[in-house]
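Note that the coordinates shown come from a computational prediction; the quantities given were computed from them, not determined experimentally.
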Amino acid sequence: MKFTNKFTFITSAIVLTCITLVLIGGMVSLRSLSLKHHQQLIDSVIEVIEKQIDKQTVETQFDSWLPDLLDASGIVRLQVKRGDVTVYQNYYASRQYYPMRLLLRYSYELDKYPDVRLILHTRQPFSELKFTFWPLAGVGTAILLSLSLLYFALRWIKKSFYGAELLERRAHYLLQNNPTARFAQKGEWPKAASQALDVLSERLENSLKERSIFDIHIRGKAFLDEDTGLGNRLAFDNMLDTVTNDESYASNTLILISLTELSTLKYQFGAEQADKVIQQMVDLLKSFCSRYDDSFYGSVKKPEFVILLPQMAYEETKVVAKQLTKALYQLQLPDPSLIDTFFHIGVVNFPFGKEVSHIIDDANRALLVAEHQKISGWHLSEENLKKNVISKGTVHWRGLLTDVLNKDALLLYRQHVVKRDPANTLYSELWSRIIGYDKEVIAAGTFMPMAEKCGLCGQIDKQMLEKVLALLVVRGESCKPIGINLGSRFLMNKENRKWLMFELMQKTKKIRNNLVIEISEHLIDQHYSAMRFALIALQKIGCKIAVDNVGKSVVNTQYILDFNIDYLKLHASLIRDIHLRSTNQVAIQSLMASCLNSHAQVIAVGIETEEEWKCLLRLGICGGQGTLFSTPKQMKV
């Protein structure tokens with residue numbers, strides 16, 4: 001109950017209680033006074049009778065005036081007894097009948113005649129009283145006036161305390177980490193408290209920003225090149241390790257770019273011109289790689305840049321190399337003629353499971369061949385790759401995926417996310433897989449990029465959600481939560497979001513609490529406002545939110561508080577051989593520090609060895625996921 005409602009309720013209760021007590025007290029006092037007056041009247045009658053007895057009045061004389069006196073005094077029956085003998089009785093019995101239960105009884109012994117006792121039955125003092133309008137008008141007017149004053153007083157109280165309500169609402173928003181609490185609302189009262197909240201909110205926001213900036217600084221020092229702001233050699237090694245050890249990345253491309261003549265340009269035109277070219281190169285890489293999902297680009301050393309494109313077929317690699325060469329020819333150099341020999345590109349296409357050292361050697365050999373050609377250009381290392389599903393065309397994929405969707409043939413594979421005690425499961429993450437034309441099982445990491453090209457991602461996400469919701473209903477409210485990874489386009493689509501909200505609202509709150517929606521960190525970074533609206537709406541109806549691929553790139557972690565994240569899932573590139581990589585340990589500690597002011601639990605993904613798990617436990621991780629605990633297994637729906 002709001003503060004104003006409490007105050008008005010208490011005030012109303014006190015005033016109404018006072019009015020009621022005054023009315024009850026007045027009625028009790030009036031009755032007491034009436035009874036006392038009635039008692040005095042009866043005493044007067046007794047005194048008259050006693051005086052008449054003193055005068056030796058005979059019975060016939062009593063009969064002439066006594067009935068009228070009794071009637072005027074409200075006495076219905078009179079008995080005069082001397083001892084046990086009744087001398088007079090029922091003088092008024094012949095008049096209007098009054099039930100004995102409604103009469104008041106008085107008994108008197110005469111002082112001068114101890115053996116004489118008078119017994120009287122009288123009407124109630126109010127029996128003949130009739131309440132008409134005018135006698136009640138005064139009391140009614142007073143009551144109405146009191147209630148009117150109470151009404152206006154309550155209105156005044158509500159109006160006066162509305163500012164306190166606004167202040168209380170803002171305080172609740174602060175406790176809920178609602179961003180609207182940062183701004184004061186017009187009319188907040190008391191003013192000093194409102195200003196104090198403004199100052200504290202600003203300080204809190206600044207401290208959180210400083211925390212995020214500090215976190216970015218720490219990870220930037222570890223994984224970003226100081227000169228270009230791109231990923232450094234360590235970040236590249238982490239990413240390459242992850243790609244080569246993840247079976248969902250069937251075929252991948254590594255591009256090594258060397259600005260061969262950068263030193264010549266610096267010698268002829270100065271360091272400032274060389275820095276401008278480097279900045280052009282940074283902008284070009286950002287623009288070029290933005291069209292490819294899950295891509296990585298960085299600077300391994302000043303004249304060399306690297307691009308890693310997962311899920312890239314051999315034939316597609318050639319197209320990418322040509323496009324990149326064309327883009328590099330657009331670099332603005334102080335002397336345009338230098339572009340002809342300014343850069344060289346080494347390209348290698350490699351499969352899952354290939355040794356990292358061999359991949360690097362192949363890329364360096366391809367770069368060396370390109371440099372021997374003298375003119376700016378590229379060379380693709382001829383690799384005898386086995387034919388794999390990623391190399392098939394869009395038409396093939398559209399037919400396969402459409403057939404799977406029509407037959408509702410998506411397969412569900414499950415892997416547990418465990419707590420610090422591996423015997424306790426936090427929740428289970430579900431992945432989709434499909435059966436290809438050659439009866440092979442194809443992982444989501446392989447077919448989802450192709451589904452994106454075919455425009456079928458939304459339909460696959462929707463069918464996955466239908467299966468997961470049906471599974472939650474079948475398992476009941478007491479089952480462990482289930483997590484599912486969704487693309488940003490599905491949640492940002494108004495129709496899909498409306499459908500999902502409708503389906504969830506048909507389920508009980510406990511079932512909704514068992515659904516964990518996972519979103520990649522880079523999608524939140526790209527579509528911050530739209531994703532915030534969608535994810536907070538899901539949280540309000542009870543779903544939990546997890547962000548995965550955290551730490552794959554260095555981004556602002558302010559979303560942890562703004563989105564009220566439940567789970568933060570670290571990218572596998574940070575986890576691999578964590579016990580041997582002190583820099584990765586510092587990065588993980590920095591990410592965990594970003595969660596201190598929230599209830600987010602940090603989960604490590606891709607744990608494969610006991611050494612990695614023990615190191616993560618020492619760092620304070622809340623949970624883990626990987627082949628060390630369980631391998632993905634197919635589920636029956």
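Shortest non-hydrogen contact noted between N485 and D461 is O-OD1, 4.2 Å. Closest approach of E521 and S553 over heavy atoms only: OE1-O, 3.8 Å. Contact record, S520 with N549: OG-ND2, 3.1 Å, taken as the closest heavy-atom pair. Nearest heavy-atom pair, M592 versus G620, reported as atom, atom and distance to 0.1 Å: CE-O, 2.9 Å. When all heavy atoms are compared, the tightest approach of I560 to C595 is CD1-SG, 3.9 Å. For T141 against A137, the heavy-atom pair with the smallest separation is OG1-O, 2.6 Å.
The pair D115-K81 does not meet the salt-bridge criterion, since no charged nitrogen lies less than 4.0 angstrom from a carboxylate oxygen. For E429 and K569, the salt-bridge test passes: some basic side-chain N is under 4.0 Å from an acidic carboxylate O. Remark: E47 engages K51 in a salt bridge, criterion side-chain N to carboxylate O under 4.0 Å.
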Problem - Test side chain to side chain contact (heavy atoms under 4.5 Å, CB included) applied to V550 and V555, step by step - result: CA-CA 9 Å; V550 176; V555 301; over 6 Å; no
Exercise for the section: Walk me through it: do E452 and R489 pass the test side chain to side chain contact (heavy atoms under 4.5 Å, CB included)? Expected result: CA-CA 10 Å; E452 181 74 25; R489 288 177 178 83; 3.0 Å; yes
Practice task
Dump the intermediate steps for side chain to side chain donor-acceptor pair (under 3.5 Å) on D562 and Y528, then the final yes or no.
Solution key: CA-CA 10 Å; D562 287 351; Y528 200 90; 2.9 Å; yes
Practice task
Decide side chain to side chain contact (heavy atoms under 4.5 Å, CB included) for I575 and I607; before the verdict, give the C-alpha distance in whole Å, the side-chain angles of both, and the deciding distance to 0.1 Å.
Solution key: CA-CA 7 Å; I575 306 304; I607 304 171; 3.9 Å; yes
Practice task
Just do the side chain to side chain contact (heavy atoms under 4.5 Å, CB included) check on H121 and L104 with the steps written out, would you?
Solution key: CA-CA 5 Å; H121 292 82; L104 296 177; over 6 Å; no
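Residue R532 holds its CZ atom at 9.5 Å from CD of Q539, rounded to the nearest 0.5 Å. Distance check, rounded to the nearest 0.5 Å: CD1 of I484 to CG of L471 gives 10.5 Å. With rounding to the nearest 0.5 angstrom, the CD1 atom of I519 is 10.5 Å from the NE2 atom of H527. How far CG of L410 is from CG of L430: 12.0 Å, rounded to the nearest 0.5 Å. For the atom pair CZ of R170 and CD of E165, the computed distance is 16.0 Å after rounding to the nearest 0.5 Å. Rounding to the nearest 0.5 Å places CD1 of I143 at 11.5 Å from OG of S148.
Checked by atom type, the side-chain pair N564/H599 shows a donor-acceptor distance below 3.5 Å. Between the side chains of E50 and Y108, not a single donor N or O lies within less than 3.5 Å of an accepting N or O.
In this structure, Q39 and Y106 have side chains that are in contact, with non-hydrogen atoms separated by less than 4.5 Å. Counting heavy atoms from C-beta outward, T8 and K158 have side chains that approach closer than 4.5 Å. Looking at heavy atoms from C-beta onward, T122 lies out of side-chain contact with L70 at the 4.5 angstrom threshold. Considering only heavy atoms from C-beta on, L120 comes within 4.5 Å of I42 through its side chain. Side-chain contact between L147 and V15 is absent, with no heavy atoms from C-beta onward closer than 4.5 Å. With contacts defined as side-chain heavy-atom distances shorter than 4.5 Å, the pair I536/F563 does not qualify. In this structure, V417 and F629 have side chains that are not in contact, with every pair of non-hydrogen atoms separated by 4.5 Å or more. The closest side-chain heavy-atom distance from V199 to Q195 is not below 4.5 Å.
By the 6.0 Å contact criterion, NZ on K507 is enclosed, its count of non-hydrogen atoms from other residues, nucleotides or ligands being greater than 12. Within a 6.0 Å radius of CZ in R497, more than 12 heavy atoms belonging to other residues, nucleotides or ligands are found.
Listed by chain and residue number, R512, N513 satisfy the side-chain contact (heavy atoms from CB on, under 4.5 Å) test with K509 (two or more places apart in sequence, or in another chain). Remark: D525 engages no residue in a side chain to side chain donor-acceptor pair (under 3.5 Å) (not counting sequence neighbours). Among residues two or more places apart in sequence or in another chain, the side chain to side chain donor-acceptor pair (under 3.5 Å) test is passed with E477 by T508.
At distances below 3.5 Å, not a single donor-acceptor pair connects side-chain atoms of N514 with backbone N or O atoms of K480. N493 places a side-chain N or O within 3.5 Å of a backbone atom of N496 that can act as its donor or acceptor partner. With R420 contributing its side chain and I621 its backbone, the two residues share a donor-acceptor pair below 3.5 Å. Using a distance-only test at 3.5 Å, with no hydrogens or angles considered, no donor-acceptor pair links the side chain of D566 to the main chain of A600. Remark: side-chain polar atoms of K467 are not paired, donor with acceptor, to backbone N or O of Q463 under 3.5 angstrom.
Ring-plane geometry between W499 and F490 is classed as perpendicular, the angle between the planes exceeding 60 degrees on a 0 to 90 degree scale with a lower cut at 30.
If you look at F161 and F7, their ring centroids are closer than 6.0 Å.
Each of L616, L568, L426 was scored for a side chain to side chain contact (heavy atoms under 4.5 Å, CB included) with I603, with one residue passing: L426.
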